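Only this structure's heavy atoms are used, side chains among them; waters, hydrogens and symmetry mates stay out. Being a predicted model, the structure only gives us computed values, none of them experimental.
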Amino acid sequence: MFEMQPVVSVIIPTYNRSNYLKRSIQSVLEQTFTDFEVIVINNFSTDNTLEIIASFADTRIKVYNFKNDGIIAKSRNKGIMHSVGKYIAFLDDDDLWCPDKLELQVKVLNENSDKHIIYSNAIIVDEHDARKVLLLRPEQPKVGQVFSDLVYENFVPILTVLIRREVYETIGPFSEDADLRGSEDYEYWLRASLVFNFEYMNKELALYRVHGGSISGAINRPLLWQKVLRRFLVNSEVLPKYKNEIINSIERINSDVSVYYWSISEKKEAKDYAKKYVVFNMKHYKLINMAAGMSLFVLIHFQYSKFAKLVNFAAKIRRPLGL
């Protein structure tokens, strides 16, 4: 008997998180939009993950055992390969969706053929589901071809995204480069934003869990972004149009990380990143920023706090001034 293909394919990579996975899958099954398939890519979990999945007894759930070598992008790509939906969504095994997430986003994409990727805000929760703050800062939403905005920050939470299959068919899979582990979604959005239009839904449609096992952190995140940006800096497809924006973002990260380490009294790390800031700007002939970086290095070295704060303030105004 012929079976209709589901409209949405939901990809859930998992490894030894059965306690969270059960609630994640449940949040998908409780969607007000029901025409979907759930593809769980199990990295050979050693807990009771398979029993948890089987307990749902829902034919929309499919599970594949797959060794991803610690690279979640491999699991996501494997899930996409097994998927058939017109739209594709992603959910990590410890995160949750709000009940109307798919219904609202599918409606937007169905009614707007010029929109290809839709994302939303999310609420940060802890290990006990206590709600903390919004994941994204309330500001003017970034829509359209957003490469110039993404260069400065990854504001597209993967758990909130719904994409058209043609995005995957056009730009290919997530990067499986081990050096980009933890930032493969950022690299994907940057690639997609050169071709496709993004849309933002001003609602909190997901719960993003932060705990000891999360790949996150005030320092790790921007440094991972910087690795991605360095790849784009040598990509002839985006240069010279976005060259200055990429350079500004890379050097800003070095500056911000240096000041952050200085603020927590990690003087060695602060000086290391101040050096990187100077060298990078020297390489790209950014003389004003190079001078600011040298000043930052000296001030950190001699611990002149008031003047270091002044340099930090100057760093914050670099972007609008185009320095």
### Query
Taking NZ, NE, NH1 and NH2 as the nitrogens, is one of them in Arg209 or Asp129 under 4.0 Å from a carboxylate oxygen of the other?
yes
### Query
Thinking salt bridges, do Glu204 and Arg131 make one under a 4.0 Å N-O criterion?
no
### Query
Which ring pair (Phe, Tyr, Trp, His ring centres under 6.0 Å) pairs, counting each pair once, include a residue from residues 74-93, with sequence neighbours left out?
Tyr64-His82, Phe90-Phe174
### Task
Report the residue from Arg221, Lys142, Arg137 that forms a salt bridge (Lys or Arg N to Asp or Glu O under 4.0 Å) with Glu153.
Arg137
### Query
Do you know which two heavy atoms are closest between Glu30 and Pro99, and how far apart they sit?
O-CB, 3.9 Å
### Ile123 with Val28, same ILVMFWY side-chain cluster at under 4.5 Å
no
#### Entry: Which atom of Ser75 lies closest to which atom of Ile41, heavy atoms considered
O-CG1, 3.4 Å
### Query
Are Leu207 and Leu205 connected in a single hydrophobic cluster, I mean Ile/Leu/Val/Met/Phe/Trp/Tyr linked by side-chain heavy atoms less than 4.5 Å apart?
no
### Message
Holding to side chain to side chain donor-acceptor pair (under 3.5 Å), I want the full list of residues that pass it with Asn16, two or more places apart in sequence or in another chain.
### Response
Thr46
### Query
Please, which pairs that meet side-chain hydrogen bond (donor to acceptor under 3.5 Å, both in side chains) have at least one residue in residues 111-120, sequence neighbours excluded?
Lys107-Glu111, Lys115-Glu199
### Task
Can you see which heavy atom on Val210 is nearest to which on Tyr208, and at what distance?
CG2-CE2, 3.5 Å
#### Entry: Derivation and outcome, side-chain contact (heavy atoms from CB on, under 4.5 Å), residues Val63 and Ile61
CA-CA 7 Å; Val63 58; Ile61 301 175; 5.6 Å; no
### Message
Tell me which pairs pass ring pair (Phe, Tyr, Trp, His ring centres under 6.0 Å) where either residue lies in residues 9-51, with sequence neighbours left out.
### Response
Tyr20-His211
### Task
Considering non-hydrogen atoms only, spot the tightest contact between Ile171 and Phe196 and give its length.
CG2-CE1, 4.1 Å
### Query
Relative to the ring of Trp189, is the ring of Phe198 parallel (under 30°), tilted (30 to 60°) or perpendicular (over 60°)?
perpendicular
### Query
Does a side chain donor of either Arg60 or Thr34 reach within less than 3.5 Å of an acceptor in the other side chain?
no
### Query
Partners of Gln31 by side chain to side chain donor-acceptor pair (under 3.5 Å), sequence neighbours excluded?
none
### Task
Considering only NZ, NE, NH1 and NH2 on the basic side and carboxylate oxygens on the acidic side, decide whether Arg231 and Asp177 come within less than 4.0 Å.
yes
### Query
How long is the gap from CG on Leu21 to CG on Asp92, to the nearest 0.5 Å?
11.0 Å
### Task
Can you see which heavy atom on Ser27 is nearest to which on Trp97, and at what distance?
OG-N, 3.1 Å
### Task
Name all pairs fulfilling the ring pair (Phe, Tyr, Trp, His ring centres under 6.0 Å) condition that reach into residues 122-150, sequence neighbours left out, sorted by first residue then second.
Phe147-Phe232, Phe147-Tyr242
